[in-house]
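Just so we're clear, the structure is a prediction, and the values are computed from it rather than from any experiment.
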Amino acid sequence: MIVTLLALLAAGQADKPSTPAGAATLQQRFDTASETAATPGRCGEAVAQFEALEREGARKSPIVAAAIDVRKGRCFIALDRDAEGEAAIARGLPLLVAKGAAFALDVRDARLMLGESAYRRFDYDAAAAQYLAALEPSTGANRILPLLMLSRTLMFDHDGRALKYAEEARELVRATPNVAKRDLAKVQTQYARVLLNEGRDKEAYAELRDSLAKQGGLDLKVSLDDLATRSDLAIAALRNKDVEGARKYLAYTGAGRMKDAPFSRAAAMDLPACDAAAGLNPDDVAVVEFSLVEDGHVASVVPIFTTGRRASAIAFARAVSEWSWRAEDAKAVPPFFRYATRVELRCVRAPERPPVTSPLAEEGGSWFSANGADDTSWADLPAARAASAQRAAMQRAMPGGNKIAALHAKFALATNPVIDGKERDALLAQLPADASAVKAPASVRVLVGMSWRVDEQSSAYRERMRALLQEPEVLADPLAAATLRVSIARPYYKSPSPSDAYVLLTAVTDDPRLPAKHPLKVTAWLQRANLLAAANDQAGAREAFSRTGLTEEQCALVGLQPVLKRSGASSSDFPMEAMRWGFEGWVRTEFDVTADGRTATQRAVASYPPFIFDDAAIGIARDARFTSSFRAEGALACSGKQQSINFTIP
């Protein structure tokens with residue numbers, strides 16, 4: 001539904017406002033550009049046509065200029081160029097408002113698009129204000145679209161407004177002569193979605209089944225509107241404890257039936273942290289719909305359902321908006337499913353701990369900033385969008401000979417998870433020489449060296465880090481040396497700590513150049529405690545643990561994570577019901593790891609398709625085993641560890 005509603009907004013209603021007077025040829029071209037703008041999928045052409053008119057003097061007439069600004073601005077927003085669109089509409093809208101009825105539909109549609117822009121940046125108050133401004137002067141069927149947008153925006157507030165607006169839209173469309181059944185079904189589906197979020201599950205289920213009947217029932221022909229109704233029906237069926245019905249409706253969306261499960265290969269997929277004060281509770285579940293663009297970034301994020309309130313819905317939607325895929329994985333998703341895909345989400349009880357290189361990265365970042373590499377245009381962008389900004393920063397730095405800025409951008413791009421392996425390898429191969437050429441400090445050189453694309457489980461990775469550690473400049477830098485020592489000493493999957501791990505860790509804990517409570521020293525003490533406990537030196541392990549200065553609870557949140565020894569997965573874990581319906585998918589689980597390496601408090605925090613594989617994934621997480629960790633009182637070794645599990649039909 002998100003795509004079809006946006007298409008309606010971009011195109012406006014079938015009725016066309018009167019166009020301004022002017023020279024005949026300009027008038028004809030203006031009309032052509034306006035018709036192009038009103039055709040879904042052709043806004044790019046329309047913008048080019050409007051801009052050609054502007055270059056040829058169309059802006060000499062204030063009213064023509066205002067009309068172009070507003071219509072072009074609507075197209076900018078439809079093209080995800082929101083800032084340009086808002087600026088253009090702001091220029092032209094006051095004059096069109098002053099012209100009254102002649103441009104009433106232009107004004108209404110401009111306010112709807114401004115509302116859509118605010119909605120996409122999760123400013124629901126601003127969006128509702130624009131939708132209300134569009135609604136107030138509208139009459140008859142022209143009220144339906146702003147009513148739908150208002151109900152979508154307010155349906156997590158539970159104050160009665162969303163239901164009121166959805167009910168009015170439903171009554172208006174029913175009263176519209178000769179309305180198509182599918183148009184009526186579209187409005188009914190949004191009305192039912194509000195009912196679902198109000199907890200009126202039985203009414204929502206009945207309404208959605210009626211919508212499905214109006215769309216022709218369950219068949220193999222699926223439009224975006226069909227997808228919305230069937231997906232909502234799956235939620236409603238589950239809420240009404242009709243599990244088999246939920247699977248059936250979801251199966252008829254086509255979800256979970258993509259070759260090689262490209263959705264499972266997200267390069268960046270963070271989830272919001274649970275925070276009761278912010279309205280995010282561990283028991284809350286949400287379903288979020290989004291579009292995936294070919295370059296791997298997410299667009300058009302819409303929360304569909306949550307057991308929480310507005311803050312919960314926005315937090316989940318905002319998190320999804322930051323997800324990224326590699327371009328090749330995004331393109332592997334069939335276009336139909338890229339337009340509208342849904343995931344089931346929960347908040348995470350504990351964010352994943354930062355990598356051991358974090359202090360080093362902070363020091364390296366300070367050096368870059370102090371030496372003129374202050375371009376951070378990509379800092380707040382999702383990885384898929386940051387890549388183009390990083391490439392652009394490299395190009396800007398090179399002509400001016402700013403080698404440090406170029407190194408900064410190149411390193412950022414090389415460590416961006418969405419770029420392909422060949423590009424990453426080529427960049428990383430250049431970085432050591434680039435860092436030497438600008439006399440980069442040890443922190444930067446070690447960061448570059450530790451980013452080399454070598455399997456961390458291989459002996460080659462440890463050998464590379466050992467070679468770095470022997471460099472005099474690195475040994476002279478306490479932070480760089482400690483980072484390498486802690487990393488070399490850690491165990492990896494099916495690869496235990498090296499024989500000299502204790503010596504390496506002692507060099508960190510005994511280094512007077514680092515503060516006593518430095519994160520790397522704390523990590524080294526914890527690893528020393530693990531090694532001593534494994535050697536049955538309980539007294540030594542207790543002493544090492546006490547030197548961290550941490551309580552048992554704090555200890556669960558710092559240090560290197562326990563290493564997976566056994567995944568817990570087996571060939572019998574694939575749910576038979578999912579097999580019968582032909583579903584494939586993935587689940588991200590969250591769990592705690594106890595001191596003896598077992599898991600506890602297992603839960604699903606992200607799932608595709610929604611609700612299908614949660615129980616099976618929790619079972620796999622329950623059977624997983626990790627390396628043991630010394631905890632003096634047997635407390636948790638790790639809180640909130642996350643692990644993704646793919647389900648592929650054999």
Side-chain angles (χ1 to χ4, degrees), residues 1-17 38 40 74 100-116 118-119 124 127-198 200 203-216 223-229 232-233 236 302 304-305:
M1 184 176 284
I2 55 175
V3 177
T4 53
L5 286 177
L6 187 57
L8 285 170
L9 285 175
Q13 295 286 348
D15 299 330
K16 296 179 184 176
R74 283 165 43 197
F103 288 95
L105 285 177
D106 260 316
V107 170
R108 187 206 73 145
D109 292 344
R111 294 202 184 282
L112 288 174
M113 290 305 280
L114 289 173
E116 183 65 18
Y119 183 88
Y124 284 12
Q130 291 292 349
Y131 296 146
L132 276 171
L135 177 67
E136 287 170 358
S138 299
T139 60
N142 285 332
R143 293 177 61 83
I144 295 173
L145 191 53
L147 287 167
L148 290 175
M149 306 314 284
L150 277 164
S151 70
R152 179 193 67 170
T153 305
L154 302 172
M155 67 183 177
F156 307 109
D157 292 356
H158 305 298
D159 58 8
R161 290 182 297 167
L163 193 57
K164 181 187 74 171
Y165 294 132
E167 286 173 339
E168 184 183 346
R170 181 167 168 260
E171 293 307 312
L172 280 170
V173 76
R174 283 178 167 179
T176 302
N178 302 317
V179 65
K181 284 186 177 181
R182 282 190 166 270
D183 290 335
L184 178 54
K186 186 186 305 182
V187 176
Q188 284 187 200
T189 295
Q190 174 57 28
Y191 170 65
R193 193 173 295 169
V194 177
L195 290 174
L196 268 179
N197 282 283
E198 289 290 337
R200 294 165 61 172
E203 296 170 76
Y205 201 10
E207 190 78 14
L208 286 165
R209 282 184 293 188
D210 186 59
S211 294
L212 180 65
K214 288 182 170 65
Q215 292 168 332
S223 69
L224 292 170
D225 292 329
D226 295 328
L227 192 68
T229 299
D232 285 1
L233 264 167
V302 178
I304 299 297
F305 170 79

From CA spacing to verdict: side-chain hydrogen bond (donor to acceptor under 3.5 Å, both in side chains), Thr229, Asp226: CA-CA 5 Å; Thr229 299; Asp226 295 328; over 6 Å; no

Derivation of the salt bridge (Lys or Arg N to Asp or Glu O under 4.0 Å) call for Lys164 and Glu167: CA-CA 5 Å; Lys164 181 187 74 171; Glu167 286 173 339; over 6 Å; no

Pair Tyr119-Arg152, side chain to side chain contact (heavy atoms under 4.5 Å, CB included): steps then yes or no: CA-CA 10 Å; Tyr119 183 88; Arg152 179 193 67 170; 3.4 Å; yes

Side chain to side chain contact (heavy atoms under 4.5 Å, CB included) evaluation trace for Thr153 with Leu150: CA-CA 5 Å; Thr153 305; Leu150 277 164; 5.8 Å; no

CA sep, side-chain torsions, deciding dist, call: Val179, Arg174, side chain to side chain contact (heavy atoms under 4.5 Å, CB included): CA-CA 7 Å; Val179 65; Arg174 283 178 167 179; over 6 Å; no

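At least one donor-acceptor pair closer than 3.5 Å links the side chain of Arg143 to the backbone N or O of Leu135. Of the possible donor and acceptor atoms, one in the side chain of Asn197 sits under 3.5 Å from a partner among the backbone N and O of Ile304. When atom types are taken as modelled, the side chain of Asp210 and the backbone of Ala206 share no donor-acceptor pair closer than 3.5 angstrom. At distances below 3.5 Å, at least one donor-acceptor pair connects side-chain atoms of Ser151 with backbone N or O atoms of Leu148. The backbone N or O of Glu116 lies less than 3.5 Å from a partner atom in the side chain of Tyr131, making a donor-acceptor pair. When atom types are taken as modelled, the side chain of Arg108 and the backbone of Asn142 share a donor-acceptor pair closer than 3.5 angstrom. Under the 3.5 Å distance criterion, the side-chain polar atoms of Arg74 are left unmatched by any main-chain donor or acceptor of Ala110.
Using a 4.5 Å heavy-atom cutoff, the side chains of Asp183 and Ile144 are not in contact.
Distance check, rounded to the nearest 0.5 Å: CD of Glu207 to CG of Leu196 gives 11.0 Å. Atom OG1 of Thr189 is separated from atom CG of Leu184 by 9.5 Å, given to the nearest 0.5 angstrom. Going from atom CG of Leu163 over to atom CD of Glu168 covers 12.0 Å, rounded to the nearest 0.5 Å. With rounding to the nearest 0.5 angstrom, the OG atom of Ser138 is 8.5 Å from the CG atom of Leu147. Expressed to the nearest 0.5 Å, how far OG1 of Thr139 lies from CG of Leu172 amounts to 10.0 Å.
Summarising the geometry of Ala118 relative to Ala127, their closest heavy-atom pair is CB-N, 3.6 Å, with the distance given to 0.1 Å. Looking at every heavy atom in both residues, Gln215 comes nearest to Asp225 through NE2-O, 3.5 Å. Shortest non-hydrogen contact noted between Pro40 and Ala38 is CD-O, 3.6 Å. The nearest pair of heavy atoms linking Lys214 to Ala185 is CB-CB, 4.0 Å.
Glu203 is linked by a side chain to side chain contact (heavy atoms under 4.5 Å, CB included) to Leu195, Arg200, counting only residues two or more places apart in sequence or in another chain.
At least one cation-pi condition fails for Arg161 and Tyr165: the charged atom is not both under 6.0 angstrom from the six-membered ring centre and inside a 45 degree cone around its axis.
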